[in-house]
Amino acid sequence: MPATSAYSKFVIGTLIVASLILLAIGWYWSREPDMFNVENRAQARAERENLPLVTGFITTSTLIEAAETLLNKPGGYLSNDIAPPGVLLDNIPNWEFGVLVQIRDLARALRNNMSRSQSQSTADPDLEIAEPQFNFDSESWLFPPTESEYREGTEALERYLHRLANPEAARRAEFFARADNLSDWLRLVEVRLGSLSQRLSASVGQIRINTDLAGDPGASQAAAKPDVVMVKTPWLEIDDVFYEARGSAWALIHFLKAAEIDFDQVLAKKNATVSLRQIIRELEATQQPVMSPVILNGGGFGFFANHSLVLASYISRANAAVIDLRRLLEQG
């Protein structure tokens, strides 16, 4: 009996210690990566690889840095983990997905617009590889693992960057900092922010008027919907949407700061630099530390806070500013 009792205590003690270790690792892995200075990182990359800072270098370098952050942050890429503590975490995987969506959108804009002089011009061969790689299944664990696919996309971006900055490259890459290219990418940003704002606002449930066909009397849709709909984010998904929005905003802040530098002449000519900085300011407010151990979901004017509504207010204002900036670029 004494031997059995000692063995039981050993097993229980081992389980407690292992649980504490997993909790500590999980807490460390759940920390959101810090912001970085896009210009300093690009300058360091250029000096390290002996490349000049040509137009488009900072935007491409920042896209690479964001992708490398997903893969190299503490714990690495967690969205496809099948073992603890990674499989037990959900905040950082949703943060990763928010970043990933913005990486995909900028990679698409880089391939389809920014690297091409016109719609009939040939797409860059490395960007044709990079863009599909980042659209690979974000939760694939094996055959192949997601990380290997995203690394191939990052390597293709690095090859494009080298050809962009190397005047002696056999096939020189291009980057066209034009108002229409910036506007096309901002259209994607506008759609993403609008969706996140709606999903965050639905944390408390909202009765909304169906405006799907508003403004077009001849429009129709595949499935008819009632004039009034009830929209509410499921309780277990509230923190998922919150951290996805945080990750999306984190990536956008960096991409917009890079665009401010690479598109500086276009923005100055349109008198739109201040408008872009206002978007960045609104998005930076979304990165304030979350002081609560859980994402609270109080009523709009209730006793407890509603973190989703606070985040939605910043993202909504940023989205409105993106719409204004895009109109300025197209009409100003």
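For the numbers below, each heavy atom of this structure counts, side chains included, while hydrogens, waters and symmetry mates do not.
- The environment of CD in Glu49 is crowded: more than 12 heavy-atom neighbours from other residues, nucleotides or ligands sit within 6.0 Å.
- Of the possible polar contacts, one joining the Thr14 side chain to the Phe10 backbone as a donor-acceptor pair under 3.5 Å is found.
- Rounded to the nearest 0.5 Å, atoms CZ (Arg151) and CG (Leu70) are 11.0 Å apart.
- Between Phe136 and Tyr150, the distance from one ring center to the other does not fall under 6.0 angstrom.
- Judged by distance alone, the side chains of His254 and Glu65 never bring a donor and an acceptor atom under 3.5 Å apart.
- Smallest separation of non-hydrogen atoms from Ala259 and Leu182: CB-CD1, 4.3 Å.
- No donor-acceptor distance shorter than 3.5 angstrom exists from the side chain of Arg326 to the backbone of Ser183, with no hydrogens or angles considered.
- In summary, Asp124 and Arg111 do not engage in a salt bridge, as defined by a charged side-chain N under 4.0 Å from a carboxylate O.
- Checked by atom type, the side-chain pair Asn91/Glu32 shows no donor-acceptor distance below 3.5 Å.
- Closest approach of Arg171 and Ala123 over heavy atoms only: NH2-O, 3.9 Å.
- With hydrogens and angles left out, the side-chain atoms of Ser197 and Asn319 include no donor and acceptor closer than 3.5 Å.
- Using a 4.0 Å cut-off between charged nitrogen and carboxylate oxygen, Arg187 and Glu330 count as a salt-bridge pair.
- Cluster membership check: Leu110 does not share its hydrophobic cluster with Val191, using side-chain heavy-atom separations under 4.5 Å among Ile, Leu, Val, Met, Phe, Trp and Tyr.
- Following chains of ILVMFWY side-chain contacts shorter than 4.5 Å, one can reach Trp27 starting from Ile21, so the two form part of one hydrophobic cluster.
- When all heavy atoms of Leu311 and Ala245 are compared, the pair lying nearest together is CD2-CB, 3.6 Å.
- Annotation: side chain of Lys73 is in contact with side chain of Leu78 (closest heavy-atom distance under 4.5 Å).
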Give the C-alpha distance, both sets of side-chain angles, the deciding distance and a yes or no for side chain to side chain contact (heavy atoms under 4.5 Å, CB included) between Trp185 and Glu190. CA-CA 9 Å; Trp185 172 57; Glu190 176 188 328; over 6 Å; no

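- A donor-acceptor pair is defined here as one N or O able to donate and one able to accept, closer than 3.5 Å; no such pair exists between the side chain of Gln331 and the backbone of Leu328.
- Proximity of a side-chain donor or acceptor of Ser148 to a complementary backbone N or O of Pro144 within less than 3.5 Å is not detected.
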Set out, in order, the CA-CA distance, both residues' side-chain angles and the distance that settles side chain to side chain contact (heavy atoms under 4.5 Å, CB included) for Leu196 and Arg199, then state yes or no. CA-CA 5 Å; Leu196 288 172; Arg199 292 167 62 199; 3.9 Å; yes

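- The closest side-chain heavy-atom distance from Phe175 to Tyr160 is below 4.5 Å.
- In this structure, a donor-acceptor pair under 3.5 Å is present between the side chains of Asn297 and Asn306.
- Asp81 contributes atom CG, which lies 10.0 Å from atom CG of Leu88 (distance to the nearest 0.5 angstrom).
- The same ILVMFWY cluster, assembled from side-chain heavy atoms under 4.5 Å apart, contains both Val290 and Val241.
- To the nearest 0.5 Å, atom CG of residue Leu188 and atom CG of residue Asn113 are 8.0 Å apart.
- Here the CZ atom belonging to Arg116 is positioned 7.5 Å from the OG1 atom belonging to Thr122, to the nearest 0.5 angstrom.
- In this structure, Glu174 and Ser117 have side chains that are not in contact, with every pair of non-hydrogen atoms separated by 4.5 Å or more.
- Formation of a donor-acceptor pair under 3.5 Å by the Ser313 side chain with backbone atoms of Val310 is found in this model.
- With hydrogens and angles ignored, the 3.5 Å screen pairs a side-chain donor or acceptor of Asn72 with a backbone N or O of Glu68.
- For the pair Arg41 and Phe36, the distance from NZ or CZ to the six-membered ring centre is under 6.0 Å and the angle to the ring normal is within 45 degrees.
- Residues Tyr314 and Arg317 form a side-chain contact, since some pair of their non-hydrogen atoms from C-beta on lies under 4.5 Å apart.
- Of the possible donor and acceptor atoms, none in the side chain of His307 sits under 3.5 Å from a partner among the backbone N and O of Ile295.
- Looking only at distances, a side-chain donor or acceptor of Asn135 sits under 3.5 Å from a matching main-chain atom of Glu131.
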Could you go through Asn80 and Ser140, starting from their C-alpha distance and side-chain angles, then the distance that decides it, and tell me whether this counts as side chain to side chain contact (heavy atoms under 4.5 Å, CB included)? CA-CA 6 Å; Asn80 62 346; Ser140 175; 5.7 Å; no

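- Note on Ile323: it does not cluster hydrophobically with Leu283, by side-chain heavy-atom contacts below 4.5 Å among ILVMFWY residues.
- Between the side chain of Tyr243 and the backbone N or O of Gly98 there is no donor-acceptor pair closer than 3.5 Å.
- Checked by atom type and distance alone, the side chain of Ser316 pairs as donor or acceptor with a backbone atom of Ala312 at under 3.5 Å.
- Judged by distance alone, the side chains of Gln43 and Glu39 never bring a donor and an acceptor atom under 3.5 Å apart.
- Two residues are said to be in side-chain contact when any heavy atoms from C-beta on lie closer than 4.5 Å; Asp324 and Ser275 fail this criterion.
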Is there a side chain to side chain contact (heavy atoms under 4.5 Å, CB included) between Ser248 and Trp95 once you walk through the steps? CA-CA 7 Å; Ser248 189; Trp95 182 92; over 6 Å; no

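- Residues Val189 and Ile279 form no side-chain contact, since every pair of their non-hydrogen atoms from C-beta on lies 4.5 Å or further apart.
- Distance CD/Glu284 to CD1/Ile253: 5.5 Å, rounded to 0.5 Å.
- Residues Ser203 and Glu237 are not in side-chain contact: their nearest non-hydrogen atoms beyond the backbone lie 4.5 Å or more apart.
- Residues Ile129 and Leu157 do not share a hydrophobic cluster, defined by chaining ILVMFWY side chains whose heavy atoms lie under 4.5 Å apart.
- Nearest heavy atoms, Phe57 versus Ala42: CE2-O, 3.4 Å.
- Among all heavy-atom pairs drawn from Ala258 and Thr62, the shortest one is CB-OG1, 3.5 Å.
- When side chains are defined from C-beta on, Arg45 counts as touching Leu161, because their heavy atoms get closer than 4.5 Å.
- We find the CG-CG distance between Asn94 and Leu100 to be 12.0 Å, quoted to the nearest 0.5 Å.
- Heavy-atom contacts from other residues, nucleotides or ligands closer than 6.0 Å to CZ of Arg172 number more than 12.
- Of all heavy-atom pairs between Val54 and Leu164, the closest is CG2-O, 3.8 Å.
- Looking only at atom types and distance, the side chain of Glu96 has a donor-acceptor partner in the side chain of Ser79 under 3.5 Å away.
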